[in-house]
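Accompanying notes for the structure given below.
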Amino acid sequence: NTILLCRSVTRVQKQRTINHVGSLFQGSARSNSAVALKDPASNGLCNVESSGEKGVGVYAGASIEKFTTILKSKAVSSSSEKDKYSVQVSWDKHVQMDSPARLINHSCEANVGVRDNELGAYDFVALKDIDAGEELVWDYGSVEFDATEIKQCLCGSPSCRGGHINFEDSHESIRKQYGNFYAKYLHDWTHEEGTSASKE
Ligand SMILES: [Zn+2]
């Protein structure tokens with residue numbers, strides 16, 4: 001797979017608080033007045049944009065082939081406690097990702113999956129061919145075991161899981177949807193679950 005890096009967009013880092021409510025507007029039309037906050041030095045594979053009503057999101061800056069690694073996020077800090085902006089990477093570790101990964105919104109029908117990487121966070125990989133201009137969305141339930149900040153998802157996708165954006169409640173559908181593209185510690189857990197289930 002070609003690895004095409006999407007550069008960090010530090011300009012919009014201060015707007016990250018908008019990101020976690022962005023999913024409320026998932027599926028709404030992109031405003032014509034969307035303001036691209038693209039890093040001029042980026043290769044253009046993804047752009048951070050703000051479209052007013054919808055808040056900040058990350059969009060494909062070019063057409064992207066299925067299984068392309070779109071960006072590699074890096075853990076910039078970590079804690080044993082989760083918080084609003086952390087992502088879970090193991091049973092007792094929650095990290096803050098750098099931008100623009102941290103600005104990618106949630107959807108229960110993600111077009112981008114995650115794979116553990118050597119930077120303490122996740123690679124974001126295209127799960128399908130993605131058109132230029134399409135919003136990149138990933139499923140927070142593919143890394144968070146038991147809870148996320150989303151109490152009621154309004155992503156609008158036909159398979160929206162509502163108040164169950166976590167792996168524990170939905171692991172069967174998450175595994176079916178995303179194949180291998182979910183957190184490694186959860187792979188290990190489902191493997192153990194499968195083993196114990198088959199013993200029954
Ligand atoms: Zn949803």
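Remember, it's 1-based here, ligands and their atoms both numbered in the order they're listed.
- Sparse packing is recorded around CD of Glu65, with 12 or fewer heavy atoms of other residues, nucleotides or ligands lying under 6.0 Å away.
- The residues Asp123 and Lys72 are annotated as salt-bridged, a charged nitrogen and a carboxylate oxygen being separated by less than 4.0 angstrom.
- Atom CD of Glu172 is surrounded by 12 or fewer heavy atoms from other residues, nucleotides or ligands within 6.0 Å.
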Practice task
With side chain to side chain donor-acceptor pair (under 3.5 Å) as the test, would you mind laying out the steps for Asp139 and Gln177 before giving the verdict?
Solution key: CA-CA 10 Å; Asp139 195 323; Gln177 260 176 290; 4.8 Å; no
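- Annotation for His164: atom NE2 does not count as buried by contact number, only 12 or fewer foreign heavy atoms lying within 6.0 Å.
- Screening the protein for N, O or S atoms under 2.8 Å from the Zn ion (ligand 1) yields 4; no waters enter the count.
- The aromatic rings of Trp189 and Trp91 sit perpendicular, their planes meeting at an angle over 60°, well past the 30° parallel limit.
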